[in-house]
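Report on the structure given below.
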Amino acid sequence: MQHPSAGGGRAGQGRNRLPRPEAPRVPFGGSMYDFQKIEAKWQERWADSGVFEVEADPSRPKFYNLTMYPYPSGALHQGHVRNYTYGDLLTRYMTMRGYNVLSPMGWDSFGLPAENAAIATGVHPRINTEKQIARMSEQIRRLGAMYDWRREIASHHPDYYRWDQWLFLKLFERGLAYKAEAPVNWCPNDQTVLANEQVVDGRCERCGHEVIRRNLSQWFFKITDYAERLLADLDQLEHWPERVRVMQRNWIGRSEGALFTMQVDGLDASFDVFTTRPDTIFGMTFAVLAPEHPLVDRLVAGTEYEAEVRAYQEKAAKESEIDRMAEGDKTGVFTGRYAVNPVNDRRVPIYIADYVLMGYGTGAIMAVPGQDQRDWDFAEKYGIDIIRTVEPPADFDGKAYVGEGRVINSGFLDGLDIETAKERMIAWLEEKGIGRRQVQYRLRDWLISRQRYWGCPIPIVHCPDCGQVPVPEDQLPVELPDVEDYAPKGRSPLAALDSFVNTTCPNCGGPAQRETDTMDTFVDSSWYFLRFTDARNQDQIFDPEKAAYWMPVDQYIGGIEHAVLHLLYSRFITKVLFDMGLSPVEEPFARLFTQGMIRLGGAKMSKSKGNIVDPLDLLASHGADALRLYHLFMGPPAEDADWDEHGIDGTSRFLDRVWRLVTGEFGEPTDREENESDRAVISETHRAIKKVTEDIERFAFNTAVPALMTLVNTLVDYVRQGARRETFDYAVEKLLLLLSPMAPHIAHELWERTGHTTMLATEAWPEYDPELAKLEVVTMVIQVNGKVRDRAEVDASISADDAERLALESPRIKEWIGDGEVKKVISRPPRLVNIVVG
RNA sequence: GCCGGAGUGUUGGAAUUGGUAGACAAGGUGGACUCAAAAUCCAUUGCCCGCAAGGGCGUGCGGGUUCGAGUCCCGCCUCCGGCACCA
């Protein structure tokens, strides 16, 4: 079973496994160039040249350009095309700018689709996966997207996942990986547990099935230890989209408040509560425990309330998240016990209710209906007292009051503003030793074990005597064995394989059993960008020196769907590796770009909806350059875009015009004297260089393409009207340089056909001359009272006075002024003069 | 509910700092070429009035600031996304 990159050969080795379709396209007239042939030719040349194969070289400026590595589904879709088109444009552009550009590609190749296919067909996921990888890498090559394929990685390969296991052991050593029993999210369809991040609206992020809650013993990564750093460092990520940072901030969910202990009246028991409103403790009229709270049993054992409480607990346990939230109306039951409010010794009833979640804070709350709408709803329903501790405004007619105001009914806090009262109360709690200041996060630990086959085995041995024993590093990788039956039965298929499970304890040598769960595939992807810096290293996860040169990723491009999944996990793991002294950076991705989705008829393209526009068909009918160019042209890269079936015809026509322009079909230039029209062409060429360069820098590819179209339209007119050879050749040369990152095949072919012996990809990006780029003559608008009434062609360097004079002399303007009085003239040469008439 | 983003021709979109609204495409219409069609080329294409010259209106809605607002401010509406019984 050959790893896709095994042998370390050049990209050429795997090429052309799929036959290139014959050009079935109805060409636009007889002049259509043979893009199929040209694409094949240049893809081979680029691969053979090794231009995009790079090494760390501290003497040169680096640019690490990364697109999110794909799951090898076997079929390239438009989202991939958009992604790789943007990425490749930058690879080529930055290469021409003189950077040492690292652009690697790999495969996120563990995961459920391959395994589910295996269950259906009986074919081993490895066989399927590697077939898909071969197909997809071929398809990516056909886009003309260039990568350093020598660095190709695939997460299902033991050379890769042994470092997943190594990483796991390092986290285990540091106390950042632990196994614990907890209520977890279980997807009955995928037959596995899920991390919180992988549950969306109570449903499995993958398959959409409703998730249920189960108490299971699972492996976690302690990402909560890094909550504060993950939150604080978001501020440094100024080149990330604001909305991704907001999503992560929301997800981490930091809140400040106080934690304090309440005694249960008449029982030697207490429980802690967290509140963000310590200023309102005097208003507490009841307390609520989550149904799963461990204290509940003791509260009700042997009392008349026991039966009802147990019934409620069972009901809550059975309900899915969706059911719980759908109910709207708050429910709960009284436990028959009272807690003592520490600030005034008031006895308050203790309820259990499912609106209090075991997973957040302490799983118990003080309830202050006067200042909390949820508590108000509950108090109203169960007839519990309501005490306001913040004075609402006179005109307030709502229920719970959560706004600003003066504190009332609160003993020593009365009269204070809320903020001061909070501080005062925290100080009081600390002084009395019953509470303290507390920062609480919404973020939970990352549940990383999965009860599925096609993933990285967790390198732990369970020994009856020694407990959890890590597999020694020199015994890695723990290889994923072949199994007969992939179907999950509530536990990993590996558990059925005695030869895998039964082993000896690395510690005492006694009989022991292997952990049979596999790791979440997001573990694989949380450090792959570091592996790319040193992908073939057999001795280390990566060489820190190489990582020091390449990291951080300068530009990361991918979908928004990973805003709080992959992008949060990667930040966490990078910080851990930083703390271990391996990663040179704490933040892996300096710049992040999240591309919009491609839709068709307003809906996301998907196989199930049957609204797929297959890029492979377009590669055959219009070619890679036209396809790439249309993706660039479609709209702002960050925004969703609707696929227009005619759109690619437009970019295809454009390329055809370029071809005919350069090959002389619109006319041949001549050797004549230079005149005004030649200087205008030079000037426009420089403006195009300026525009395209600036637009690429600001990720405005959708306006960079029109800049080239405009230049081409001008050059077509120019050559038809009799171009001067020297000027024409100059403009065409710049045009091809500018076009090369966007439509590389045609640009390279025409570069060669215009007599260049160098490879376009390694030419320097053109510079523009600001003087030449200036317009000599511009259209100045003349307004009267803000309305355009006349226009004049003026010298671009016209003075304000001259512009004003010219405007006032215009016969049409004179007419508009009539006998009105000119009160003011605003002269903004050379664009505009506005005459204010009273 | 809280937070973030967006509303511009028939369509995708452009207008980077307040200064010609609609670049560039797509689609439409008319024409040239052709036996015909495709392709290509030319013209035209925001709405209304007008034979024309020209004029009026126009960037979700209502106000405001300004000589001048798609752009800035205030108040709404609609859509998209995130978080949400998180104490």
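Not measured: the values here are computed from a predicted model. Chain naming here is simple, since letters A, B, ... match the order of the sequence lines and numbering starts at 1 in each.
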Just checking A:Arg245: base, sugar-phosphate only, or nothing, at a heavy-atom cut-off of under 4.0 Å? nothing
So what does A:Asp375 touch, heavy atoms closer than 4.0 Å: a base, only the sugar-phosphate, or nothing? nothing
Hey, would you say the A:Trp659 and A:Phe666 ring centroids sit under 6.0 Å apart? no
Nearest-Å distance once atom C1' is located in both B:G19 and B:C2: 39 Å
Could you state the CG-P distance from A:Asn250 to B:C3, rounded to the nearest angstrom? 11 Å
Closest to the 5' end of RNA chain B, once A:Thr703 and A:Asn713 are matched to their nearest nucleotides, is A:Thr703
Kindly say if A:Lys824 contacts the phosphate of B:C67, meaning a side-chain N or O under 4.0 Å from OP1 or OP2. yes
Have a look at A:Arg249 and say if it touches a base, only the backbone sugar-phosphate, or nothing, with a 4.0 Å heavy-atom cut-off. nothing
Taking syn as a glycosidic torsion within 90° of 0 and anything else as anti, which one is B:G28? anti
Between B:C24, B:G82, B:C67, which nucleotide has the shortest distance from any of its atoms to the side chain of A:Pro706? B:C24
So is A:Lys330 actually on top of A:Phe378's ring, under 6.0 Å and inside 45° of the axis? no
Measure from the side chain of A:Asp695, starting at C-beta and using heavy atoms only, and say which of B:A87, B:A25, B:U16 lies closest. B:U16
Nearest to the side chain of A:Arg442, which nucleotide is it out of B:C85, B:C24, B:C83? B:C83
Which pairs, protein N/O on one side and nucleotides 17-21 of chain B N/O on the other, fall under 3.5 Å?
unit_1 : atom_1 : unit_2   : atom_2 : d
B:G19  : O6     : A:Arg828 : NE     : 3.2
B:U20  : O2     : A:Arg791 : NH1    : 2.5

At under 4.0 Å between heavy atoms, what does A:Trp816 touch on the DNA or RNA strands: base, sugar-phosphate, or nothing? sugar-phosphate
Report yes or no: is the cationic atom of A:Arg442 (NZ for Lys, CZ for Arg) under 6.0 Å from the centre of the six-membered ring of A:Trp251, at an angle within 45° of the ring normal? yes
Nearest-nucleotide pick for A:Pro636, side chain only, options being B:A87, B:G13, B:U40: B:G13
Any idea which of B:A87, B:C85, B:C57 is nearest the A:Lys787 side chain? B:C57
Of all the choices, B:G82, B:C41, B:A87, which nucleotide is nearest to the side chain of A:Arg660 once you look at every atom? B:C41
With a 4.0 Å cutoff (strictly under), does any side-chain N or O of A:Arg657 reach OP1 or OP2 of B:C41? yes
Set of residues satisfying salt bridge (Lys or Arg N to Asp or Glu O under 4.0 Å) with respect to A:Glu256, sequence neighbours excluded: A:Arg254
Just one of A:Val81, A:Thr85, A:Thr651, A:Leu632 clears the side-chain contact (heavy atoms from CB on, under 4.5 Å) bar with A:Leu627, so which one? A:Val81
Heavy atoms from other residues, nucleotides or ligands near CD of A:Glu404 exceed 12 (cutoff 6.0 Å): no
Among A:Asp717, A:Leu739, A:Val658, the one residue meeting side-chain contact (heavy atoms from CB on, under 4.5 Å) with A:Val712: A:Val658
Watson-Crick or G-U wobble partner of B:G1, both distances under 3.5 Å: B:C83
Could you work out which one of B:C24, B:G55, B:A87 sits closest to the side chain of A:Thr710? B:C24
Using a cut-off of 4.0 Å on non-hydrogen atoms, how would the nucleic acid contact of A:Asn785 be classed: base, sugar-phosphate, or nothing? nothing
Within the 4.0 Å heavy-atom criterion, would you say A:Lys823 contacts the bases, only the backbone, or no part of the nucleic acid? nothing
Distance check: side-chain N/O of A:Trp251 vs OP1/OP2 of B:A84, anything under 4.0 Å? no
In whole angstroms, the gap separating C1' of B:A23 from CG of A:Asn702 amounts to 12 Å
Identify every side-chain donor-acceptor pair in residues 822-838 of chain A under 3.5 Å, counting partners at least two apart or on other chains, and give the distances.
unit_1   : atom_1 : unit_2   : atom_2 : d
A:Ser827 : OG     : A:Ala800 : O      : 2.9
A:Asn834 : OD1    : A:Gly786 : N      : 3.0

Give a yes/no answer on whether the side chain of A:Arg653 brings an N or O atom under 4.0 Å of OP1 or OP2 in B:A26. yes
Heavy atoms under 4.0 Å, any strand shown: does A:Arg789 hit a base, just sugar-phosphate, or nothing? sugar-phosphate
Which nucleotide in the list B:A26, B:C67, B:G81 gets nearest to the side chain of A:His646? B:A26
5' precedence on RNA chain B between A:Arg698 and A:Thr362 (nearest-nucleotide basis): A:Arg698
Check whether the side chains of A:Asp625 and A:Tyr630 place a donor and an acceptor atom closer than 3.5 Å, and report yes or no. no
Atom-to-atom span, CG of A:Leu708 to C1' of B:A23 - whole angstrom: 14 Å
Heavy atoms under 4.0 Å, any strand shown: does A:Lys691 hit a base, just sugar-phosphate, or nothing? base
Look at all strands and tell whether A:Gly650 reaches a base, only sugar-phosphate, or nothing, counting heavy atoms closer than 4.0 Å. sugar-phosphate
When you get a sec, tell me which of B:C83, B:C41, B:A87 is the closest nucleotide to the side chain of A:Thr276? B:A87
For B:A43, the Watson-Crick or wobble counterpart (both distances under 3.5 Å): B:U29
How would you label the contact of A:Thr651 with the nucleic acid (heavy atoms, under 4.0 Å): base, sugar-phosphate, or nothing? nothing
